[in-house]
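Single-structure report; data block below.
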Amino acid sequence: HQPIDNQALLSRQFPIFHWTNSNKVLYGIPKNTGSNYGSGNSLECINIVNYESSIQPNLVLKSFVGPLINGKTRVKDLEAWLDNVIDDLSSKDPSKDLTVWRLLRLQLSAKTTLKDISSVLYDSTQLLAYLSQPLPNIELTPNAFKIDQASQMKVLSCLQTGNHNAALQLSLEKKDYAMALLLGSLAGKNKWSEVVQQYLSQEFTATAPEQNEWANLLSLIFQAFIGNSKMAMDKFYRNSADGHWAINNWKQIVAAVLMNVNAENDSTPSNTAKMPLVVTEFLLEFGIFLKQKSQDLAASIVFMIARIPLSLSPVMPDTMFTFDTIGKSSTIESCLWSEVYEFSFSSAPKFAGFPCILPQKMFHAYCLQEQGFISNASKYCDYLTNILKTQPKTDITVMNLTLSLTDLTTRVSDSNTGWLTKP
Amino acid sequence: HQPIDNQALLSRQFPIFHWTNSNKVLYGIPKNTGSNYGSGNSLECINIVNYESSIQPNLVLKSFVGPLINGKTRVKDLEAWLDNVIDDLSSKDPSKDLTVWRLLRLQLSAKTTLKDISSVLYDSTQLLAYLSQPLPNIELTPNAFKIDQASQMKVLSCLQTGNHNAALQLSLEKKDYAMALLLGSLAGKNKWSEVVQQYLSQEFTATAPEQNEWANLLSLIFQAFIGNSKMAMDKFYRNSADGHWAINNWKQIVAAVLMNVNAENDSTPSNTAKMPLVVTEFLLEFGIFLKQKSQDLAASIVFMIARIPLSLSPVMPDTMFTFDTIGKSSTIESCLWSEVYEFSFSSAPKFAGFPCILPQKMFHAYCLQEQGFISNASKYCDYLTNILKTQPKTDITVMNLTLSLTDLTTRVSDSNTGWLTKP
Amino acid sequence: MVAITNAHNELIHDAVLDYYGKRLATCSSDKTIKIFEVEGENYKLIDTLIGHEGPVWRVDWAHPKFGTILASCSYDGKVLIWKEENGRWSQIASHAVHSASVNSIQWAPHEYGAVLLAAASDGKVSVVEFKENGTLSPIIIDAHAIGVNSASWAPATIIQGNNGGDGKNVDELRRFVTGGADNLVKVWKYNKENSTYILDDTLEGHSDWVRDVAWSPSVLLRSYLASVSQDRSCIIWTQEDNEGPWKKTELQQEKFPDVLWRASWSLSGNILALSGGDNKVTLWKENLEGNWESAGEVEQ
Amino acid sequence: MVAITNAHNELIHDAVLDYYGKRLATCSSDKTIKIFEVEGENYKLIDTLIGHEGPVWRVDWAHPKFGTILASCSYDGKVLIWKEENGRWSQIASHAVHSASVNSIQWAPHEYGAVLLAAASDGKVSVVEFKENGTLSPIIIDAHAIGVNSASWAPATIIQGNNGGDGKNVDELRRFVTGGADNLVKVWKYNKENSTYILDDTLEGHSDWVRDVAWSPSVLLRSYLASVSQDRSCIIWTQEDNEGPWKKTELQQEKFPDVLWRASWSLSGNILALSGGDNKVTLWKENLEGNWESAGEVEQ
């Protein structure tokens, strides 16, 4: 391109576009008549049209059954709306990732299990075909170790003298992991975890490049359930190949862990906080890893599954990462998701909402007014007025939101009165 | 021997012996003058002597610090008495089995651990010499199995589809017990126990006659801690060699199990009822086995360790065996043991004693009077009078004991008054 | 310590102290019974009771509440009751239902009244109650056809009642044990409906005449019987809770050197004393495992 | 739908509806400003405002609480203030501090008062408050030496105070952004102590003149700036919580077909409209991953 002639630019007719206070837009677009230079070419037409004539309104926003008020909004209506959105989106684009929508839909129901959530992340039925294939009939040749009788007797004597450590050490020296695991189980939870850890690190190291990454997953599942998730994440942080595999397959990873919460633990509905502690730990550590690798949306989904509240506080004491939005907060989906997610906590005792999503709710209200959905915008203004009353008046965000709400409320009521001129 | 001449017997002077109501005995023993036949040989001397001149009084009975009354008897005194008895008995006969004495001594203390009890049953320090011997440096050759990679992937897929059973089955088919144990641990307590059971039965069957019986013990320890004691006993019931081994080595067996209660579980004193459930189950099942094999005293010791109360009710719902005495109830040791054992429960909340040992306490009182320990006998009469008042009057045993107590009390007060004739 | 020397010139078959330990009765082949007063280390012959026409086998003092009363039994087939009143002894009753030697007598638990159990070589035992107004008709039972050598009362025991017409929920259980020349030991139980004692159990084990049986006075809930025999063995019989089978335990594996003659339990039932033809009085007690072990010997 | 045709014969540089959507002001290279009344589908020319001596670049309506007031800026270096009273328009003030073309004007958030921000080719921006009694001395700042093409106010924001002498715990944060012929975007913040605006941040990224800057009115806690440039790119700048570094995001990887001229955020800040030399008005919004995607195009 040739260098710009700044002066010449002042002689060009550029398109004009302005948003207006009512939900109209003003624009003027010059005709394309070949050469754009020269005076005399002025704007033939300045148009003032409704927002929706010019810009495709967001139908999901329009149909949303919010504001979601506990005790007032019927869960069935919200569920039906979610089902419709899911149907719509998937029929328009079958490849679109609808994970958050499906997850929220599940989280509204008290009957949802972790296995249901697992299936949303990853449909493991695709594995069934593979599973039904018979394995090649490999003849079993010994390739591992079981301790000899003399050592067995030593192990017994160690136990009789109450020396678990010596018994374990002996089994591990002889690489009899089955015996070591049994001994570990006798010695209590910590020792058990140590033995599992040693077994996995010995037997599951990806030594060869062609070593299947998926062996990682088997190891990870075991580590998650012994409460070793933090240590298991190390590999992902330190080894970039493993880290990439984890990022690319995060759904299968989370799905695999969730699928293995056993029946004893999974009798509680998953939209309560009664997930086994080791699973919550795993989700937190994995979510933080994803955050670290800038996989924000994935991390958000993981935190949602862990039922972490939206908040400006770090998700764990020793991290800086927070979970305050699902997806970029300036998108309408993110606003709707936040509100539905918040609503899914309604039945939690003494639940007072997520104060950190107030700006998103205000943004939601602004978008409603802007796109011409005045009655919904009005509802949101009332809703937000009520919420702000319950918030501490000295909170800076509350003050700013109050100002914004005043402006919006004025704008909304002006829209409603049509063309009356103010004095 | 020639047939007895009944008539001739009537012409013989036999020794005469009678007990008396006061604590004296009457006897007359004819002289041995070669031929015992013929008339004219009469009893030269009829002696009336104090009990203790003729019969060795029971010094343990004499020194006993009973009756043991909660709040009145000082535990220190009882402990000192036990220590003295133990010293005495062991110095007189170093080979005498003092297990019950030592156990009772331990059970009076709140600081006693299961490991202490284990050491009383079996001093495992004798194993330390054996343990310090280095093992022959056997080169490790593979003699066990670890699943191949393809199977590993299948296992992973099973887990992803939530099919624990298939994953387990595969590992077991491939005889990878370490993997199977890990999978079992994921699947919950019951599955874990099943896997352990299968592992033990496959890997620990005594196939060859020279197979070390002691492998049984290792297997038994594991089975006890997975709550499989009932099943573990089967082997002892069905196989007479194993059964004999169990009877002959019951102390080492119980000691081994107790020694392996891990620190997490063993922080509670063992004279409370807070033993891990699986250990109590083991002790009950093993005790019942010993009872079945008529090893009553051994069974009693096992039940004591399990802190089963003395009672006429079966120790478990599905058995007929009871634990109502430690050793034969008609012995003085048994009486003292019952009372000390009962006393060791004093600190249990709302403890009302063991009604089933009332006859033994009465018997104890009778023995005291008989052997001339009149002031102690008197204390016991008062003690029993108070206890019987608290018992239901319509209880048959209580009625009978009340009669016996009346007789004894009369006899005791008669002893005290010496030679006064009753009108 | 008192030593009464040369009480009789002929065989002395029994010597029994009374309840208070003040009176000693001895009986002998000389057909007499001697009563001594015993005080501290001294003794003094009070009376010699004459009445029996044959060797007097045993004497037994009644419970003091009935007075100072003694029973005796003899080869002459009679049971005589003697009483001391105002320092003087007299025969107050005679019980002559047996047609052969009466070999043992024993007063019942005093709660039953003045009841006497006698065992005789005519094969019968008799239970006779002496009432204030004179004797009641005795209950006579065929016990061991060839002859009964000994009979011993069980302690008075209360058992669960039948909730019969009398409305009470408890009953008395009255039993005694006999040993016979048929080598058997038999247990008898009182039957209210028939007002007699019926056979409760027959215990086989001895291979010769049973010479003495003794029922332990132990307050434990297990009944112990001791039977001694000319077969030179002593058998202990035990029963749980007053019903069910009797369990047989040989006192020891080997036979005694000579015949065993008498058995008696200490008042607690803790120790069993046996006297035998080897001129020993041996003492026995049960050990923790339920076997019987020596508790010593009474030395001369 | 209203279509105002041939408002001017020469280039129309700006056309802005008032707060109520009833008045439309257009300005042109013909040096005039035309005021139209718009009602439903009809419009009517009310007045033509004459006063500028060069092309009028932009007009901006003040908040109705100040009355029906319009500001205009021109190549002639002047900023003129016009007011409608009783249906008649007149020029009520003139702001002539700049010595070259005034390229953009924008009234401040009405909470600040009747405050106007002007950016001029003399390299300065001026902030002038119009009081009841006449103009206050303007604050003049050297912004971009070669020339300032655009300036845009941040929304009125309250922040934590310093707890200074005035006792309050909150403060007003007044900021605006400028775009210059030096290719830079600069953020300015009011400093109370010095009563002037000082440079808060300098944002490099464009490779040619920045033609327009727009501060998003979004109520979210993140500040968004859009800058468009002759270099045919649009850059979005974001800052968290009013402090810290600004993060730079290219609107799209590839350049636009022609220069970009104007940028404006919708009132919610949800959508960004860009107008450019390719005669298109394109709409943009952020997606879930934080990238910018097309939200459509405004069709003629």
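- For a residue to count as touching a neighbouring chain, one of its non-hydrogen atoms must lie under 4.5 Å from one of that chain's; by this rule B/I226 does not touch chain A.
- Note: A/L159 leads A/I147, A/T125, A/L181, A/L159 in heavy-atom pairs under 4.5 Å with chain B.
- Chain A forms more heavy-atom pairs under 4.5 Å with one residue of B/S157, B/S118, B/S119, B/A255 than with any other, namely B/S157.
- The salt bridge (charged side-chain N to carboxylate O under 4.0 Å, His left out) analysis of residues 121-136 of chain A, with sequence neighbours excluded, yields no pairs.
- Atom-to-atom distance recorded for B/S185:OG and A/W192:CH2 is 4.5 Å, nearest 0.5 angstrom.
- Interatomic distance, B/L186 CG to A/M259 CE, rounded to the nearest 0.5 Å: 13.5 Å.
- Note that the CG atom of B/L217 and the CD atom of A/Q152 stand 11.0 Å from one another [nearest 0.5 Å].
- For residues 244-261 of chain A, every residue pair satisfying the salt bridge (charged side-chain N to carboxylate O under 4.0 Å, His left out) rule, not counting sequence neighbours, is listed here: A/D97-A/K251.
- Distance alone, capped at 3.5 Å, places no donor-acceptor pair between the B/N260 side chain and the A/Q160 backbone.
- Ranked by heavy-atom pairs shorter than 4.5 Å toward chain A, the options B/D176, B/L156, B/N163 are led by B/L156.
- Side-chain contact between B/F225 and A/L182 is absent, with no heavy atoms from C-beta onward closer than 4.5 Å.
- The candidate from B/L258, B/L183, B/V155, B/V257 with the greatest count of non-hydrogen atom pairs under 4.5 Å with chain A is B/L183.
- Heavy-atom minimum distance, B/L218 versus A/M179: CD2-CE, 3.9 Å.
- Heavy atoms of A/F145 lying under 4.5 Å from chain B belong to its backbone as well as its side chain.
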